[in-house]
Every structure is written in C-alpha cells, then in structure tokens.
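The structure under discussion appears below in the form of structure tokens.
Hydrogens, waters and symmetry mates are skipped; everything else that's a heavy atom, side chains included, is used.
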Amino acid sequence: MKDFFKQALEYTFVFNDRIIDTLSESDIIPDKSNKLINHTLNAHEIWNARIKNLKPSVGVWDVREIAVLKAINHQNYTDSLGILEDFDLEITVKYKTSKEDAFQNTIQDIFFHIINHSTYHRGQIATNCKENEIEPLMSDYIFYKRDSL
C-alpha cells in the first residue's frame, strides 16, 4: 500500500507543479485559479502537520505569492514521503478542523483525501483557465502513468 501512495503522491506533486508552471507562464493569473492552487497546497501542508501533531503555519485559504508555490509543493511532497517512511498507514490521527471540530482518521484515509482533493481542485483550475482563454493542463492520473513508462 505504501508503494501505491508513493506513486499517487508523486502524481499529485508533478501535476500541482505543472499547474503552478501553467499559471506562472500566463500573462494574467485568474484570481480563482490562484486561490484554488494556494488552497490545494495549504490543505496538503495542514494535513501533513496534523499527522505529525504539529500546529499548521498556514490557513486553509491563505494566498501566497505564485513565486513560492513550487517550493511549498516540493516541501509538502517531501514531508508526505517522510510520513510514509516513518508512520504506519493504519495509525489513527486525532485532529481539529479550522473550525475546531474534532475528528479522527487513519493516515491512509488522509493521504487518499490529499490526493483526491488536489485532483478535484486541479479540475476546477482547468475549467477556470479555459474560461480565461488559458490552455488548461490535462492532469488525469493516466497521463502521469503514460509519461512515467
């Protein structure tokens, strides 16, 4: 199972990076796309912090400069790989949401959520790019697998 998550997290990293590149290379970055890629990376960072029982240093909807997003994406990926190495995926993590509601989930469920959440928002970004006459990035998992062969 860890091998699956390693690949899926790499897919998430690669295509988040490509989205950041697409937005960075655009003459105008649509506000909605900028907010969504920031939100995607912030949520990943927050989930990693929750797993490691750390206080997140970012809010879920904070917006940071596009120039720093690639470094944040890389750090999220590196932190997740470290978690994969150091933790059992069946460990239950107790945490509070940004609204202070208490929940608990396994690391496996959290990683699946991170990956799914990123995919969902990349789809929204693709739609928003198209609406703003920016060539949207095709970020389906199968494209990642085809490129890695």
At what distance, to the nearest 0.5 angstrom, does CD1 of Ile115 lie from CZ of Phe13? 14.0 Å
Consider only side-chain heavy atoms of I, L, V, M, F, W and Y, link residues closer than 4.5 Å, and tell whether Tyr77 and Ile72 are in one cluster. yes
If every non-hydrogen atom of Phe87 is compared with every non-hydrogen atom of Ile107, which pair is closest and at what distance? CB-CD1, 3.6 Å
Please test Thr92 against Asn105 for side chain to side chain contact (heavy atoms under 4.5 Å, CB included), starting from the C-alpha separation and ending with a verdict. CA-CA 5 Å; Thr92 298; Asn105 294 96; over 6 Å; no
Could you walk me through whether Asp140 and Arg146 pass the salt bridge (charged side-chain N to carboxylate O under 4.0 Å, His left out) check? CA-CA 10 Å; Asp140 293 336; Arg146 288 175 189 161; over 6 Å; no
Do Leu23 and Cys129 make a side-chain contact, defined as non-hydrogen atoms from C-beta onward lying under 4.5 Å apart? yes
Could you work out, with salt bridge (charged side-chain N to carboxylate O under 4.0 Å, His left out) as the rule, every residue matching Asp17, not counting sequence neighbours? Lys70
What's the separation between atom CG in Asn128 and atom CD1 in Ile37, rounded to the nearest 0.5 Å? 12.0 Å
Please check if any side-chain donor atom of His44 sits under 3.5 Å from a side-chain acceptor atom of His39, or the reverse. no
If you group Ile, Leu, Val, Met, Phe, Trp and Tyr by side-chain heavy-atom gaps below 4.5 Å, do Val58 and Leu54 land in one group? no
Honestly curious: do Ile28 and Val63 fall in one hydrophobic cluster under the side-chain, below-4.5 Å linking rule? no
Should the heavy atoms of other residues, nucleotides or ligands under 6.0 Å from CZ of Phe143 be counted, would the total exceed 12? yes
Once you round to the nearest 0.5 Å, how far does NE2 of His121 lie from OG1 of Thr40? 5.0 Å
Classify the ring geometry between Tyr141 and Tyr144 as parallel (under 30°), tilted (30 to 60°) or perpendicular (over 60°). tilted
Residue pairs involving residues 121-137 (criterion salt bridge (charged side-chain N to carboxylate O under 4.0 Å, His left out); sequence neighbours excluded): none
Rounded distance [0.5 Å steps], CZ in Phe5 versus CG in Leu84: 8.0 Å
Okay, side chain of Asn42, backbone of Asn38: is any donor-acceptor separation there less than 3.5 Å? yes
Rounded to the nearest 0.5 Å, the CD1 atom of Ile19 sits from the OG atom of Ser139 at a distance of 5.5 Å
Do Phe15 and Ile134 land in one hydrophobic cluster if side-chain heavy atoms of ILVMFWY residues count as linked below 4.5 Å? no
Are Gln7 and Lys145 close enough that a side-chain donor and a side-chain acceptor fall under 3.5 Å? yes
Check whether any side-chain N or O of Thr127 sits under 3.5 Å from a backbone N or O of Gly123 as a donor-acceptor pair, and report yes or no. yes
Can you tell me if Asp79 and Gln75 form a side-chain donor-acceptor pair at under 3.5 Å? yes
Would you say Asp109 and Thr106 are linked by a side-chain donor-acceptor pair, where the criterion is simply a distance under 3.5 Å? yes
Hey, can you pull the donor-acceptor pairs under 3.5 Å for the side chains in residues 45-52, sequence neighbours left out?
unit_1	atom_1	unit_2	atom_2	d
Glu45	OE1	Arg64	NH1	3.3
Glu45	OE1	Arg64	NH2	3.0
Glu45	OE2	Ser57	OG	3.2
Asn48	OD1	Ser80	OG	2.9
Asn48	ND2	Asn76	O	3.1
Asn48	ND2	Ser80	OG	3.3
Arg50	NH2	Lys96	O	3.4

Distance, nearest 0.5 Å, that separates CD of Gln108 from NZ of Lys2: 11.0 Å
For Thr22, is there any backbone N or O sitting under 3.5 Å from a side-chain donor or acceptor partner on Ser26? no
Go through the side-chain N and O atoms of Asn53 and Tyr95 and say whether any donor and acceptor fall under 3.5 Å apart. no
Going hydrophobic residue to hydrophobic residue with side-chain gaps under 4.5 angstrom, can you get from Leu9 over to Ile91? yes
Asp88 side chain vs Glu90 backbone, donor-acceptor pair below 3.5 Å: yes
